[in-house]
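Beneath this line is the structure, given in structure tokens, with notes to follow.
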Amino acid sequence: MPASFHLIVDRTTPEKDLLAALSGGVDVVQLRDKGASALDLYERARAVLPMIEDHGARLFINDRLDVALAVAAKGAHLGGRSLPPAVARRLAPGLLLGTSVHSLAEAKNLAGWADYLTFGQVFPSLSHPGQAAAGLEGLSAVAAAVSCPVLAIGGVSADNAAAVLAAGAAGVVVISAVLATADVAAAARRLRQVLDRCPDPVRPDPATLGGGVSR
Amino acid sequence: MDLRLHFLVPADPSLLPKVEAAVEGGVSVVQLRGKGSDDRTLLRFGERLRHLTDQHGVSLVVNDRPDLALLLEADGVHLGQSDLPPAEVRRLVGSSLQIGLSTHSLAEALAACEAPVDYLAFGPVFPTRSKSDPSPITGLRTLAEVAQKVNKPVVAIGGISSANSHQIRRAGAVGVAVIEALVQAPDPAEEARAILERQSAR
């Protein structure tokens with residue numbers, strides 16, 4: 001199974017851009033919108049779910065487990081302010097659960113509870129300016145220390161994706177590398193090609209595996 | 001669920017003594033309102049509220065979050081107009097949890113009658129200092145009209161205290177929901193008792 005390609009979108013992401021990114025080979029669309037009400041998030045998720053599924057991709061909801069369950073998303077991505085994955089698992093045994101980590105210690109703590117970790121930021125990124133970047137060394141230390149797949153986030157693009165996978169990542173999570181480009185489909189396709197040309201990850205992201213968790 | 005007196009509690013652990021006093025004074029439903037709070041804080045605070053409400057045999061309701069309501073083994077979940085649709089929440093929580101829905105006009109209240117909810121909150125009946133609900137004041141007359149026209153129990157909300165709770169029962173509401181009156185009261189137990197006494201006086 002090739003490395004996975006997650007794209008983070010919010011309410012304001014134009015549907016044509018989402019469609020273009022999906023046609024370029026996104027595996028997982030994570031809907032993240034901290035400012036949205038549950039209803040906004042729910043309605044947006046319902047609106048984009050058909051096009052995501054039509055492309056054989058999967059929808060994950062950031063933070064709100066209840067919204068993920070309500071729209072029958074494939075998974076939920078939990079941040080540091082969200083429910084801990086161990087608690088979320090009790091309520092949603094059928095969802096894939098990812099969680100964000102920013103240090104080796106955090107990664108070791110949470111690896112046993114999550115289906116995948118996102119680690120970052122690996123490189124300086126537009127969405128978190130001023131935040132220290134862990135670099136490829138930080139990523140590779142985390143990937144070597146935990147037994148669950150680790151996805152790289154933060155400044156990841158087609159230009160550095162091969163290095164990120166070589167450091168042990170099972171996939172990448174991007175926003176601007178795809179959405180802040182003039183040709184979203186081409187940017188997505190280019191990143192997809194880089195991922196597909198790399199050797200398959202040792203621990204593949206379960207979000208890309210055939211059936212995933214049976215629901 | 002005894003709907004007579006709801007205490008809407010922000011996720012602030014320093015309020016626990018007030019909540020306990022208010023429950024001793026007769027609060028029948030404690031509603032956890034955690035919008036803007038960290039989920040981990042909410043979970044911890046919610047566990048303490050569940051413990052407290054269990055000890056006193058009163059109900060715990062969680063605002064906006066069916067997932068937290070299930071995790072905390074709450075008795076109900078309370079929804080606003082911009083939360084998940086009641087039908088989806090009913091599917092998530094099943095029939096064992098009660099669902100309440102906030103309404104702010106006769107039209108919303110009538111629409112709520114068709115939704116799978118157990119009770120309605122209606123208001124703000126009086127001017128309120130808490131900024132959480134910026135809807136226009138409905139007044140007692142609309143409350144009375146709503147209580148008469150809907151086929152579900154109506155709980156009045158907005159600016160209610162022991163100074164005006166006698167007007168609520170007359171308007172046909174089965175209960176009241178308060179924040180400020182109990183948070184600000186020097187003696188929340190006494191204020192809760194006073195709200196209930198005047199609410200039931202005819």
Side-chain angles (χ1 to χ4, degrees), chain A residues 10-11 31-47 49 59-102 106 109-110 113-114 215, chain B residues 11 32-48 50 61-74 76-94 96-97 99-104 108 111-112 115-117 132-135:
Chain A
D10 63 21
R11 264 177 308 172
L31 179 57
R32 176 174 85 179
D33 205 322
K34 303 283 188 198
S37 68
L39 185 60
D40 288 338
L41 204 56
Y42 168 82
E43 286 179 343
R44 185 65 179 171
R46 297 244 305 185
L49 189 56
L59 173 66
F60 276 51
I61 304 292
N62 182 280
D63 185 47
R64 290 290 298 248
L65 195 61
D66 49 359
V67 176
L69 289 167
V71 302
K74 210 65 181 179
H77 188 85
L78 306 167
R81 289 171 55 88
S82 312
L83 289 171
V87 173
R89 181 82 67 199
R90 294 209 309 262
L91 193 61
L95 291 186
L96 289 166
L97 298 176
T99 192
S100 306
V101 299
H102 307 92
E106 236 186 329
N109 271 338
L110 292 170
W113 300 106
R215 310 184 25 111
Chain B
L32 170 61
R33 284 158 79 93
K35 278 195 175 138
S37 294
D38 184 296
D39 278 6
R40 293 162 200 227
T41 309
L42 272 181
L43 199 59
R44 273 196 304 273
F45 185 56
E47 278 163 1
R48 293 171 79 179
R50 178 72 282 184
V61 165
V62 178
N63 189 58
D64 174 37
R65 297 285 301 270
D67 49 355
L68 271 177
L70 288 168
L71 287 167
L72 292 169
E73 297 180 21
V77 56
H78 190 89
L79 303 173
Q81 295 286 329
S82 60
D83 295 338
L84 279 172
E88 291 290 1
V89 173
R90 177 59 76 199
R91 207 169 51 76
L92 293 179
V93 303
S96 57
L97 269 71
I99 301 179
L101 180 63
S102 290
T103 62
H104 313 89
E108 276 183 8
V117 302
S132 61
D133 194 345
S135 306

Among A:Leu78, A:Leu41, A:Val71, A:Leu65, which residue has the highest count of heavy-atom pairs closer than 4.5 Å to chain B?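 Between A:Leu78, A:Leu41, A:Val71, A:Leu65, the count favours A:Leu65.
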So which of A:Gly79, A:Ala92, A:Pro84 has the largest heavy-atom pair count under 4.5 angstrom toward chain B?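 Sorted descending by pairs with chain B, the first entry is A:Pro84.
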Looking at CG of A:Leu83 and CG of B:Leu42, how far apart are the two atoms once the value is rounded to the nearest 0.5 Å?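 CG of B:Leu42 is found 8.5 Å from CG of A:Leu83.
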Does A:Val67 reach the side chain of B:Leu84, with side-chain heavy atoms less than 4.5 Å apart?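 Of all side-chain heavy-atom pairs linking B:Leu84 with A:Val67, at least one is under 4.5 Å.
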For B:Leu71, is it the side chain, the backbone, both, or neither that has a heavy atom closer than 4.5 Å to a heavy atom of chain A?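 Both backbone and side chain.
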Proximal component of B:Leu92, with respect to chain A [non-hydrogen, under 4.5 Å]: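 Side chain only.
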Distance-only donor-acceptor pairs under 3.5 Å across chain A and chain B:
| unit_1 | atom_1 | unit_2 | atom_2 | d |
| --- | --- | --- | --- | --- |
| A:Ser37 | OG | B:Ser82 | O | 3.2 |
| A:Leu39 | N | B:Ser82 | O | 3.0 |
| A:Tyr42 | OH | B:Glu88 | OE2 | 2.6 |
| A:Arg64 | NH1 | B:Asp64 | OD2 | 3.3 |
| A:Arg64 | NH2 | B:Asp64 | O | 3.4 |
| A:Arg64 | NH2 | B:Asp64 | OD1 | 3.3 |
| A:Asp66 | N | B:Asp67 | OD2 | 3.3 |
| A:Ala70 | O | B:Arg91 | NH2 | 2.9 |
| A:Gly79 | O | B:Arg40 | NH2 | 3.3 |
| A:Gly80 | O | B:Arg40 | NE | 3.1 |
| A:Arg81 | O | B:Asp39 | N | 2.8 |
| A:Arg81 | NH2 | B:Gly36 | O | 3.2 |
| A:Ser82 | O | B:Arg40 | NE | 2.7 |
| A:Ser82 | O | B:Arg40 | NH2 | 3.3 |
| A:Leu83 | N | B:Asp39 | OD2 | 3.4 |

